[in-house]
Amino acid sequence: MRLSKLFTKTSKSVPADETARNAQLLIQGGYVHKEMAGVYAYLPLGLKVLNNVADIVRDEMDKVGGQEVWMSVLQPKDIWELTDRWDDAKVDNWFKTKLANGTELGVGLTHEEPVVDSLKPYVNSYKDLPLKVYQIQSKFRNELRAKSGIMRGREFLMKDLYTFSRTEDEHKQQYEELAEAYHRVYERLGIGDITYRTFASGGIFSQFSDEFQTLSHVGEDTIYVDEAKKIAINKEVFTDEVLQQIGLKKDDLVEKRAVEVGNIFSLGTKYTDALGLTYTDEDGAEQQIIMGCYGIGVSRLVGVLAEHFADDKGLAWPKAVAPALVQLVTVGEDEKVISEAEKLYEVLQAAGISVLYDDRAVRPGTKFADADLLGMPYRVVISSKTLEQSSVEVKARTSETAELVPQNSLITHLQA
RNA sequence: CGGGGAUUGGCGCAGUUGGCUAGCGCGCGCGGUUUGGGACCGCGAGGUCGAAGGUUCGAGUCCUUUAUCCCCGACCA
């Protein structure tokens with residue numbers, strides 16, 4: 001990707017209508033465009049990050065046997081009435097619309113009903129279970145107030161997975177399998193050490209749930225962390241009774257602010273019963289199916305990562321999600337510099353290293369400032385000075401100092 | 001949904017007690033000098049001041065309504 005061809009530009013001034021650091025940086029860097037409150041478009045660089053996060057989530061879901069689908073955003077009213085979740089008094093953040101003939105439709109805010117509905121033709125026998133189905137798709141929620149930049153929007157990308165089990169034991173096993181997969185996702189994103197499985201309320205789904213909370217000063221939730229056990233409890237269910245139930249002692253807990261980056265629920269047979277999804281067991285008897293649902297806010301994670309991996313100069317993406325590993329920067333207009341840079345651009349990409357190539361005819365200061373703002377893990381500078389020593393200058397975004405690396409060992413240096 | 005703040009070229013802002021062709025910085029275009037931490041000079045394009053209504057000889061400025069955005073709260077997967 002050449003910066004000279006990229007239609008987005010960086011901005012020196014902080015957007016006036018954002019106070020959240022994540023949105024300020026993402027807008028200044030041209031990663032996202034704010035369309036309206038709580039609704040953001042992902043521009044080329046932002047989409048790369050979003051897709052990189054989604055790919056990690058997808059990979060971990062696939063590894064535990066998740067089968068990916070793409071459900072519909074438009075929702076028929078009837079299946080939601082079966083579970084009593086159509087009424088605005090019961091679920092107040094629906095976006096609803098109508099067909100030309102007046103038929104009411106919902107705009108998907110979660111997909112328990114549709115996933116159960118879509119499984120009915122296929123899941124009939126004990127041989128079909130257990131099962132994990134998931135999708136990565138935009139969700140639409142009519143929040144009274146959007147806030148925190150891209151971390152709490154009205155339209156956002158979410159991974160939602162649903163498990164279907166024959167017994168409580170089987171369900172519990174799937175539930176824990178997913179909880180472990182979630183930990184691996186956060187680990188790969190570089191926030192494993194500050195993300196806690198957190199006992200919480202179940203909202204509109206169930207009495208209790210497990211949230212995954214990432215510590216952050218901009219967090220919306222207050223949680224109490226047991227550092228030794230690496231688990232936490234949300235303030236909303238913080239009572240002596242619940243503490244005893246989950247085996248935490250008040251004295252071991254530290255109060256923290258955190259952002260919810262995942263949430264998993266046991267749904268029992270509420271949805272499968274209501275929509276009539278059952279299976280026939282070995283003895284030919286009809287049995288109930290136990291369900292679980294597991295969400296990860298993919299676009300919210302982009303915000304969390306932007307916010308967490310940033311300094312006063314800009315973004316500092318972890319390698320796993322950065323739009324490119326390297327920002328290649330030319331200094332000066334010397335022909336030799338340009339031709340060597342062009343060569344390097346090709347060679348790096350051929351070696352599987354993604355490159356954001358700053359080939360613009362602008363002054364070095366501008367390029368360095370933009371490299372800091374955009375936050376690729378490495379900045380590689382090539383100039384007349386470095387070429388005199390057959391080298392390039394390599395600086396990690398998170399490091400204060402740069403080092404000269406011989407051109408012919410750059411690839412191994414970057415891959416280390 | 002309650003409370004507070006805001007809205008003026010693409011972005012960030014100024015605009016006095018109502019007064020003349022609405023300014024500044026960034027960015028953008030053209031010309032020139034520059035080239036290792038956001039260079040400089042000259043010229044230029046770009047704004048019905050969120051919208052509607054009103055007061056007035058005259059409104060960016062005053063009044064009413066309304067839309068949108070931000071923050072606090074409530075709510076929230």
Side-chain angles (χ1 to χ4, degrees), chain A residues 7-20 23-24 27-30 33-39 85 88-94 108-112 137-149 151-162 198 200-206 209-213 218 220-221 234 236 259-265 267 293-300 313-314 329-334 337-338 358 360-374 379 381-388 392-393 395 400 402 404:
Chain A
F7 75 80
T8 57
K9 296 187 174 77
T10 58
S11 169
K12 276 193 238 183
S13 48
V14 179
D17 63 346
E18 296 283 3
T19 52
Q24 289 179 343
I27 289 171
Q28 279 186 267
H33 171 74
K34 184 186 207 165
E35 201 57 45
M36 57 181 125
V39 179
R85 292 212 295 179
D88 289 331
K90 298 273 168 47
V91 176
D92 62 6
N93 56 358
W94 267 113
L109 79 169
T110 183
H111 280 79
E112 286 75 17
Q137 191 191 49
S138 288
K139 295 279 187 270
F140 299 85
R141 293 185 189 174
N142 203 346
E143 297 290 343
L144 286 166
R145 182 185 161 203
K147 58 183 285 196
S148 306
M151 304 213 304
R152 179 166 169 192
R154 298 195 167 96
E155 173 179 340
F156 55 94
L157 191 66
M158 182 171 165
K159 184 282 304 178
D160 45 322
L161 183 145
Y162 305 89
T198 304
S201 111
I204 58 173
F205 298 106
S206 55
S209 72
D210 284 294
E211 295 174 338
F212 290 80
Q213 294 274 2
V218 295
E220 288 186 55
D221 288 282
N234 195 305
E236 63 195 4
V259 180
E260 183 190 327
V261 292
N263 202 179
I264 64 180
F265 304 83
L267 302 178
C293 76
Y294 312 78
I296 288 183
V298 175
S299 50
R300 174 178 283 185
K313 289 182 176 147
V329 173
T330 58
V331 165
E333 300 297 306
D334 189 273
V337 171
I338 307 290
D358 193 347
R360 298 173 300 171
V362 297
R363 294 168 62 89
T366 303
K367 293 191 172 188
F368 295 149
D370 278 345
D372 288 339
L373 173 61
L374 292 174
R379 186 187 78 190
V381 175
I382 179 161
S383 69
S384 310
K385 246 167 47 181
T386 66
L387 285 182
E388 280 167 21
V392 294
E393 179 196 281
K395 179 183 163 299
E400 285 301 312
L404 272 184

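Scope of the values below: all heavy atoms of this structure, side chains included, with no hydrogens, waters or symmetry mates. The sequence lines fix the lettering, A, B, ..., with proteins before strands; numbering per chain opens at 1.
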Working for salt bridge (Lys or Arg N to Asp or Glu O under 4.0 Å), residues A:R379 and A:E393: CA-CA 8 Å; A:R379 186 187 78 190; A:E393 179 196 281; 3.1 Å; yes
Pair A:R141-A:E155, salt bridge (Lys or Arg N to Asp or Glu O under 4.0 Å): steps then yes or no: CA-CA 6 Å; A:R141 293 185 189 174; A:E155 173 179 340; over 6 Å; no
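Note on A:R379: a base of the nucleic acid sits closer than 4.0 angstrom, heavy atoms only. At a threshold of 4.0 angstrom between heavy atoms, the contacts of A:E393 include nucleobase atoms, whether or not backbone atoms are also involved. Base contact: A:F156 has a heavy atom under 4.0 Å from a base atom. The residue A:V362 sits apart from the nucleic acid: no heavy atom pair falls under 4.0 Å. Within the 4.0 angstrom heavy-atom criterion, no nucleotide atom of any strand lies near A:D160.
A:S13 is linked by a side chain to side chain contact (heavy atoms under 4.5 Å, CB included) to A:S11, counting only residues two or more places apart in sequence or in another chain. Residues forming a side chain to side chain contact (heavy atoms under 4.5 Å, CB included) with A:K147 (at least two apart in sequence, or on another chain): A:R145, A:R152, A:E220. Residues that satisfy the side chain to side chain contact (heavy atoms under 4.5 Å, CB included) test with A:T19, not counting sequence neighbours, are absent from this structure. Taking A:K139 as the reference, A:H111, A:D160 meet the side-chain hydrogen bond (donor to acceptor under 3.5 Å, both in side chains) condition, with sequence neighbours excluded.
Counting only heavy atoms from C-beta on, A:D370 has its side chain closest to B:G38 among B:A77, B:C76, B:G38. Side-chain atoms of A:E260 lie closest to B:A77 of the nucleotides B:A77, B:C70, B:C76. For A:T10, counting side-chain heavy atoms from C-beta on, the closest listed nucleotide (B:C13, B:G38, B:U35) is B:G38. With B:C70, B:G38, B:A77 as the choices, the nucleotide that has an atom nearest any side-chain atom of A:T366 turns out to be B:G38. Side chain of A:E143, nearest nucleotide from B:U35, B:A77, B:C69: B:A77. Among the nucleotides B:U35, B:A77, B:A39, the one closest to any side-chain atom of A:E333 is B:U35.
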What protein N or O atoms touch nucleotides 72-74 of chain B N or O atoms at under 3.5 angstrom, if any, and at what distances?
residue : atom : partner : partner atom : Å
B:C72   : OP2  : A:R145  : NH2          : 2.5
B:G73   : N7   : A:R145  : NH1          : 3.4

Protein and nucleotides 25-30 of chain B: nitrogen or oxygen contacts under 3.5 angstrom:
residue : atom : partner : partner atom : Å
B:C26   : O3'  : A:K12   : NZ           : 3.4

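Here the separation of B:C1 from B:A74, taken at their C1' atoms, is 8 Å to the nearest Å. For B:G50 and B:U8, the C1' atoms lie 10 Å apart once the distance is rounded to whole Å. The gap from the C1' atom of B:A39 to that of B:U48 amounts to 37 Å, rounded to the nearest Å. The same atom, C1', is picked in B:G54 and in B:C11; the two are 34 Å apart, to the nearest Å. Taking the P atom of each, B:C63 and B:G19 are spaced 15 Å apart, rounded to whole Å. Nucleotides B:A6 and B:G46, compared at atom C1', are 25 Å apart to the nearest Å. Comparing the same atom, P, in B:C20 and in B:C49 gives a spacing of 15 Å after rounding to whole Å. Spacing between B:A67 and B:A51 at atom C1', rounded to whole Å, works out to 7 Å.
Between A:T19 and the phosphate of B:C71, there is a side-chain N or O to OP1/OP2 separation shorter than 4.0 Å. Within the 4.0 Å cut-off from OP1 or OP2 of B:A39, at least one side-chain nitrogen or oxygen of A:R363 is found.
Rounded to whole angstrom, the span from the CD atom of A:E35 across to the C1' atom of B:C69 amounts to 14 Å. The CG-C1' distance, from A:D88 to B:C1, rounds to 15 Å in whole Å. Here B:A77 presents its P atom at 15 Å from CG of A:D210, a figure rounded to the nearest Å. Summarising the geometry, the separation between CD on A:Q24 and P on B:G12 is reported as 11 Å, rounded to the nearest angstrom. Rounded to a whole Å, the CG atom of A:D92 is 7 Å from the P atom of B:C76. Put simply, CD1 on A:I27 is 11 Å from C1' on B:C11, counting in whole angstrom units. Regarding A:K385, its NZ atom lies at a distance of 11 Å from the C1' atom of B:G37, rounded to whole Å. Computed from coordinates, the A:D221 CG to B:C76 C1' distance equals 9 Å when rounded to whole Å.
Projected onto RNA chain B by closest heavy-atom contact, A:S11 and A:T386 fall at different nucleotides, the more 5' of which corresponds to A:S11. Of the residues near RNA chain B, A:R300 and A:I382, the one whose nearest nucleotide (by heavy atom distance) lies more toward the 5' end is A:I382.
Checking A:N234 against A:T198 by side-chain atom types alone, no donor-acceptor pair falls below 3.5 Å. Residues A:E112 and A:T110 bring a donor and an acceptor atom of their side chains to less than 3.5 Å of each other.
A 3.5 Å limit on both hydrogen-bonding distances identifies B:G73 as the Watson-Crick or G-U partner of B:C1. With a 3.5 Å ceiling on both atom-pair distances, the Watson-Crick or G-U wobble partner of B:G44 is B:C28. When both pairing distances are held under 3.5 Å, B:U68 makes a Watson-Crick or G-U pair with B:A6.
Residues A:A20 and A:G149 share a closest heavy-atom pair of CB-N, 3.5 Å. Minimum heavy-atom separation, A:L373 to A:Q28: CD2-O, 3.6 Å. When all heavy atoms of A:A402 and A:K395 are compared, the pair lying nearest together is CB-CB, 3.8 Å.
Side-chain atoms of A:E112 and base atoms of B:A77 include no donor and acceptor less than 3.5 Å apart.
From A:D370, atom CG reaches atom NZ of A:K12 across 9.5 Å, with rounding to the nearest 0.5 Å.
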